[in-house]
Amino acid sequence: QLQLVESGGGSVQAGGSLSLSCVASGDSDIIMSWFRQPPGKEREGVASIYTGDGIRRYADSVKGRFTISQANVKNTVYLQMNSLRPDDSGIYYCAAGSRWPRWVARWSDVGRHTSWGQGTQVTVSP
């Protein structure tokens with residue numbers, strides 16, 4: 001199991017931007033993803049990247065607004081969030097797992113992510 005350390009988040013008004021970062025222990029290529037959990041709702045996938053080749057996936061609700069990227073440092077990923085909306089609010093979690101079959105189509109499978117960060121709050125006010 002990997003250790004994940006998140007940073008970033010905070011509060012912003014609608015239309016603003018925030019960024020999150022996540023560092024995973026180890027140096028193997030892995031799937032690294034961001035999930036979020038709005039108050040009273042289930043956890044949902046936001047974006048994912050495979051550190052081996054940089055292939056990315058996004059939830060439809062964030063396409064064109066959020067960007068997941070990886071740093072030159074192994075297993076460090078960022079989530080740049082632009083044009084934020086109140087419904088983007090929630091606890092954001094970094095998660096990781098070894099690449100699974102057909103991960104591109106199943107990137108938001110919670111159970112495939114075997115390591116999770118502690119979560120960081122993102123609040124977007126109207």
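One is the number of the first residue; the rest follow in order along the sequence.
Two residues are said to be in side-chain contact when any heavy atoms from C-beta on lie closer than 4.5 Å; Tyr50 and Val104 fail this criterion. Between Ser21 and Val77, the closest side-chain pair of non-hydrogen atoms is not below 4.5 Å.
Between the side chain of Thr67 and the backbone N or O of Gln80 there is no donor-acceptor pair closer than 3.5 Å. Between the side chain of Arg57 and the backbone N or O of Ala105, no donor-acceptor pair lies under 3.5 Å. Side chain of Ser89 to main chain of Val124: a donor-acceptor pair is present (N/O by atom type, distance under 3.5 Å, no hydrogens or angles).
Residues in residues 95-126 take part in no disulfide (SG to SG under 2.5 Å) pair, two or more places apart or across chains. Applying the salt bridge (charged side-chain N to carboxylate O under 4.0 Å, His left out) test to residues at least two apart or on different chains, the pairs with a partner in residues 18-32 are Asp29-Lys74. Applying the side-chain hydrogen bond (donor to acceptor under 3.5 Å, both in side chains) rule to pairs touching residues 103-114 yields Ser33-His113, sequence neighbours excluded.
Taking the centre and axis of the six-membered ring of Tyr93, the NZ or CZ atom of Arg43 falls inside the cone set by 45° and 6.0 Å.
Scanning for side-chain hydrogen bond (donor to acceptor under 3.5 Å, both in side chains) contacts around Ser83 gives an empty result, with sequence neighbours left out. Take Asn75 and apply the side-chain hydrogen bond (donor to acceptor under 3.5 Å, both in side chains) test, not counting sequence neighbours, and it matches Thr51. Applying the side-chain contact (heavy atoms from CB on, under 4.5 Å) rule to Gln3 yields the partners Ser25; only residues at least two apart in sequence or on another chain are considered.
No more than 12 heavy-atom neighbours from other residues, nucleotides or ligands sit within 6.0 angstrom of CD on Gln13.
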